[in-house]
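Accompanying notes for the structure given below.
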Amino acid sequence: MTIEMREGHEGAGPGAITPDGCAVELYSRLSVGDEPDIIAGAVPAGSHILELGSGVGRMTHPLLERGFTVTAVDESAEMLERVRGARTICSPIETLDLAGEKFDVVMLASFLVHDGDDEVRRGMLNACRSHVADGGYVLIQREGEDYHTNLPREREDPGGYTIRILSADPVGNGVNSVRAEYVFPDAVWTQTFLARPLTKEAFEEALGEAGLKVDRYLTEDRIWVRAVPAGPRHGVMA
């Protein structure tokens, strides 16, 4: 089956590849780190979480095990086929509209806030703002501050595979083309995608445009952030 790739994105390796270059089989193999514990420590127990960009459920399933209810959103039907125990919605994040439905927590992980297309990033943050309940939280995962500069680099995962970030080449307008490689004993996947580095100040400005503000940074490296509604989005009536 031919899929329409997002501009500047591509992926290679065994199995289905999603529009942003992610490989379904690869994401089914990736280990779960400490993210579920960070999330569980930042929001009320039993919250209903709207997970934007859930993929195959790498974080969905541990969150369900911790007693959360999860609605998982992804633009890839192949990814969502592997999610178990959660309501699933197949949709691009930036155009998601659940007709006024609100959630205790909205989560935008996997560095999606760094999308190289400003309009896509704005759409994602607007989706966070429009679907979070009054008094709720938005959890966002940012890139590390050296993500685009400390290259090439690699990490040996305890799960028995190697992740390499090979390059981040400027393509104009502050956007980089990032190339990653995932090496397993029996398979190799590569992914190329467009990402925009955001300083702390630029990130907080982007939140403000969507009617959000930082409540607190959850980790010392400021990669995980808890945000809250700060008022109506610019140009949108309350």
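Keep in mind that the numbers below use all heavy atoms, side chains included, and drop hydrogens, waters and symmetry copies.
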Under 3.5 Å, is there a donor-acceptor pair linking the side chains of [X] and [Y]?
X      : Y      : result
Glu51  : Thr60  : yes
Glu143 : His148 : yes
Asp74  : Ser76  : no

To check you understand the geometry: which heavy-atom pair defines the closest contact between [X] and [Y], and what is its length?
X      : Y      : value
Arg142 : Leu198 : NH2-O, 3.4 Å
Cys90  : Ala77  : SG-N, 3.8 Å
Gly53  : Leu112 : CA-CD1, 4.2 Å
Pro62  : Arg58  : CD-O, 3.1 Å
Ala206 : Leu125 : O-CD1, 3.7 Å
Gly174 : Pro197 : O-CD, 3.4 Å

Full working for side chain to side chain donor-acceptor pair (under 3.5 Å) between Arg179 and Ser167: CA-CA 5 Å; Arg179 183 169 176 79; Ser167 59; over 6 Å; no
Tyr161 and Phe184 aromatic ring geometry - parallel, tilted or perpendicular at 30°/60° bounds: parallel
Is there side-chain contact between [X] and [Y], with at least one heavy-atom pair below 4.5 Å?
X      : Y      : result
Gln191 : Glu181 : no
Tyr137 : Val228 : yes
Val106 : Arg129 : no
Leu194 : His9   : yes
Asp115 : Met124 : yes
Asp104 : Pro44  : no
Tyr182 : Leu30  : yes
His131 : Leu96  : yes

Under 4.5 Å between side-chain heavy atoms, hopping through other hydrophobics if needed: is there a path connecting [X] to [Y]?
X      : Y      : result
Met107 : Leu50  : no
Phe203 : Val132 : yes
Val113 : Leu207 : yes
Val43  : Val138 : no
Ile89  : Val56  : no

Can any side-chain N or O of [X] pair as donor or acceptor with the backbone N or O of [Y] at less than 3.5 Å?
X      : Y      : value
Asp169 : Ser177 : no
Asn173 : Val175 : no
Asn176 : Ala195 : no
His61  : Arg84  : yes
Thr88  : Leu80  : no

I'd like to know if [X] and [Y] make a salt bridge, using a cut-off of under 4.0 Å between side-chain N and carboxylate O.
X      : Y      : answer
Asp37  : Arg66  : yes
Asp186 : Arg29  : yes
Lys213 : Asp215 : no
Arg87  : Glu101 : yes
Asp146 : Arg153 : no

Check against side chain to side chain contact (heavy atoms under 4.5 Å, CB included), Phe111 and His114: CA-CA 6 Å; Phe111 314 127; His114 291 271; 4.3 Å; yes
Say you draw a straight line from [atom1] of [X] to [atom2] of [Y]; how long is it, rounded to the nearest 0.5 Å?
X      : Y      : atom1 : atom2 : value
Ile49  : Thr71  : CD1   : OG1   : 10.0 Å
Ser130 : Leu98  : OG    : CG    : 8.0 Å
Leu108 : Gln141 : CG    : CD    : 9.0 Å
Tyr27  : Trp189 : OH    : CH2   : 11.5 Å
Glu75  : Thr95  : CD    : OG1   : 9.0 Å
Thr18  : Met79  : OG1   : CE    : 4.5 Å

Member of Glu209, Glu205, Glu94 meeting the salt bridge (charged side-chain N to carboxylate O under 4.0 Å, His left out) criterion with Arg122: Glu209
Cation-pi, Tyr217 ring and Arg226 (6.0 angstrom, 45 degrees): no
CD/Glu156: more than 12 non-hydrogen atoms of other groups inside 6.0 Å: yes
Side chain to side chain contact (heavy atoms under 4.5 Å, CB included) assessment of Leu139 paired with Leu218: CA-CA 9 Å; Leu139 301 185; Leu218 300 173; 4.0 Å; yes
Step-by-step side chain to side chain contact (heavy atoms under 4.5 Å, CB included) determination, Val73 to Ser54: CA-CA 6 Å; Val73 176; Ser54 66; 5.9 Å; no
Trace of the side chain to side chain contact (heavy atoms under 4.5 Å, CB included) decision for Leu166 with Thr190: CA-CA 10 Å; Leu166 301 175; Thr190 60; 5.9 Å; no
